[in-house]
Amino acid sequence: MSRLRLFMQGVASTYLAVGTTVACSLISVPLALHYLTDAEFGLWMLLAQITGYLMLLDFGLSLSVGRLLIERKDEIAGTGYGSLLQTSFWVTAAQAVLVLGAGVLSAPFLAKLLDIPRGLETVFCSLVRWQSLIAAGMFGTRMFRSLLYAHQRTDLVNCIQSLSMFTGVGALWLALLAGTGVRSVLWWNAATQLLSLLITWWSCARLRLFPAANAWGRASWLAFKELFGYGKDVFIVQVGSLLIMATQPFIVSRAIGLEAVAAWFVGTRAFMLISSLIWQAFDVSAPALSEMMVRGEDERLRKRFSGIVVVLQVLAGVGAIVYAATNSSFVTNWTHGRIIWSPWNDFFLGV
């Protein structure tokens with residue numbers, strides 16, 4: 001399949017995934033607000049941010065696997081491809097144990113740090129510990145996602161994400177009806193990750209992306225050093241992104257309270273969506289651009305990259321204006337007036 005066709009399928013499926021995210025948010029937020037108090041909803045939002053920080057324990061190695069597989073995918077019959085996969089499997093297993101341990105041990109400390117109300121401390125610690133177990137399981141999907149990424153099948157990744165999210169919302173609805181309260185978010189996350197794991201594995205097997213039985217090679221220290229050498233740079237970028245985009249709820253919780261966290265999450269939801277839309281064109285094109293680098297297609301790489309930058313600049317300008325002009329009214333209507341969001345917030349975020 002040609003790069004252009006894979007790119008177009010990737011872009012189309014990416015916007016399908018974004019549309020799914022929007023639909024699930026439009027359903028899940030009012031649903032959760034109906035069954036939960038503002039403080040419980042704020043607790044839910046904090047859990048999402050904590051999960052993001054737990055995933056930093058990946059140290060950028062998942063993206064590193066996908067990038068290095070691109071260099072080896074033209075020689076899938078060679079042992080280098082299989083050796084990298086075996087090494088990444090053991091690295092993933094170690095990371096899962098690290099995530100689980102970090103979540104279990106840090107829960108009481110986080111409750112104190114974030115000034116969780118006394119009546120919700122036990123619930124908060126339980127949520128963090130169970131979520132750390134689910135997050136550890138998330139690492140089981142990452143090697144399969146890296147395989148699809150390296151072979152430019154982001155269309156499958158996005159379709160699987162869309163299906164998993166709708167399944168998660170269904171699990172959330174059933175859990176809320178069953179009276180599980182704020183713990184319903186655990187059922188959502190668990191259902192999403194389990195379905196994603198099963199389908200990504202099946203997709204890789206169907207497309208024959210795994211090496212033959214005699215071409216797996218061995219896990220090696222050399223392959224690990226190569227993974228870590230690229231991954232550490234990715235990790236620095238991920239840390240910076242989280243500090244920019246995901247530290248506010250922690251500060252708000254400590255300074256103002258859980259109800260303000262709920263307002264922050266809902267008020268900035270459209271901002272996160274527009275930011276995601278702007279970056280999708282670059283994210284989808286990354287495997288093809290990497291392949292051009294590997295194959296020495298420098299002139300084509302320069303032209304494609306320049307074109308993508310121009311498109312991103314135009315989308316950013318339009319997105320900022322639309323967001324600043326409409327978000328405040330959207331938040332009021334979305335939450336039926338339960339959460340009020342100042343237009344000045346939208347102006348500064350648009351800038």
Side-chain angles (χ1 to χ4, degrees), residues 13-36 40-55 58 62 96 99-100 103 123-124 126-145 148-149 154-204 245-246 249 261-262 265-266 268-270 272-273 275-277 280 283 334-335:
S13 64
T14 294
Y15 288 115
L16 170 65
V18 171
T20 301
T21 301
V22 173
C24 289
S25 294
L26 291 174
I27 296 170
S28 62
V29 170
L31 186 64
L33 286 171
H34 178 73
Y35 285 95
L36 306 178
E40 287 176 328
F41 186 72
L43 207 63
W44 183 357
M45 298 307 104
L46 274 181
L47 185 67
Q49 304 304 322
I50 290 169
T51 302
Y53 276 92
L54 282 174
M55 301 313 287
D58 174 68
S62 294
V99 166
L100 180 58
V123 175
F124 175 79
S126 175
L127 287 174
V128 171
R129 286 165 175 159
W130 278 105
Q131 182 58 33
S132 65
L133 178 62
I134 296 170
M138 290 169 67
F139 280 91
T141 68
R142 293 201 159 196
M143 185 173 72
F144 306 132
R145 289 170 62 93
L148 294 173
Y149 174 87
T154 52
D155 56 328
L156 291 178
V157 174
N158 292 323
C159 289
I160 292 168
Q161 177 185 332
S162 299
L163 179 60
S164 299
M165 288 193 68
F166 277 124
T167 302
V169 170
L172 170 70
W173 178 61
L174 292 175
L176 286 170
L177 284 178
T180 59
V182 71
R183 290 181 175 84
S184 58
V185 68
L186 299 174
W187 290 99
W188 180 0
N189 293 335
T192 299
Q193 295 309 317
L194 179 60
L195 185 65
S196 179
L197 171 62
L198 293 175
I199 300 181
T200 50
W201 171 83
W202 177 80
S203 298
C204 291
M245 305 298 291
V261 174
F265 174 82
V266 174
T268 59
R269 198 65 175 173
M272 298 299 184
L273 171 64
S275 298
S276 176
L277 284 171
Q280 291 306 321
D283 290 343
W334 187 23
T335 62

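We're numbering straight along the sequence, starting at 1.
Put simply, CD1 on I134 and CG on L100 are 11.0 Å apart, with the number rounded to the nearest 0.5 Å. Atom CG in N189 sits 12.5 Å away from atom CG in L194 (nearest 0.5 Å). Here the OG1 atom belonging to T200 is positioned 7.0 Å from the CG atom belonging to L148, to the nearest 0.5 angstrom. For the atom pair CD (Q193) and CG (L133), the distance works out to 11.5 Å, reported to the nearest 0.5 Å.
Judged purely by atom type and a 3.5 angstrom limit, T180 uses its side chain to pair as donor or acceptor with the backbone of A175. With S164 contributing its side chain and I160 its backbone, the two residues share a donor-acceptor pair below 3.5 Å.
Shortest non-hydrogen contact noted between A171 and W187 is CB-O, 3.8 Å. Closest heavy-atom contact between F144 and C204: O-SG, 3.4 Å. Between L172 and S28, the closest heavy-atom pair is CD2-CB, 3.7 Å. Across all their heavy atoms, G103 and S132 have their closest contact at CA-CB, 3.6 Å. Shown here for S203 and L156, the closest heavy-atom pair between the two residues is CB-CD1, 4.4 Å. Minimum interatomic distance between L127 and R183 (heavy atoms only, all atoms of both residues): CD2-CA, 3.9 Å.
For the pair Q161/T20, no side-chain contact is recorded, criterion being any heavy-atom separation below 4.5 Å from C-beta on. At a threshold of 4.5 Å between non-hydrogen side-chain atoms, the residues W173 and L176 do not count as touching.
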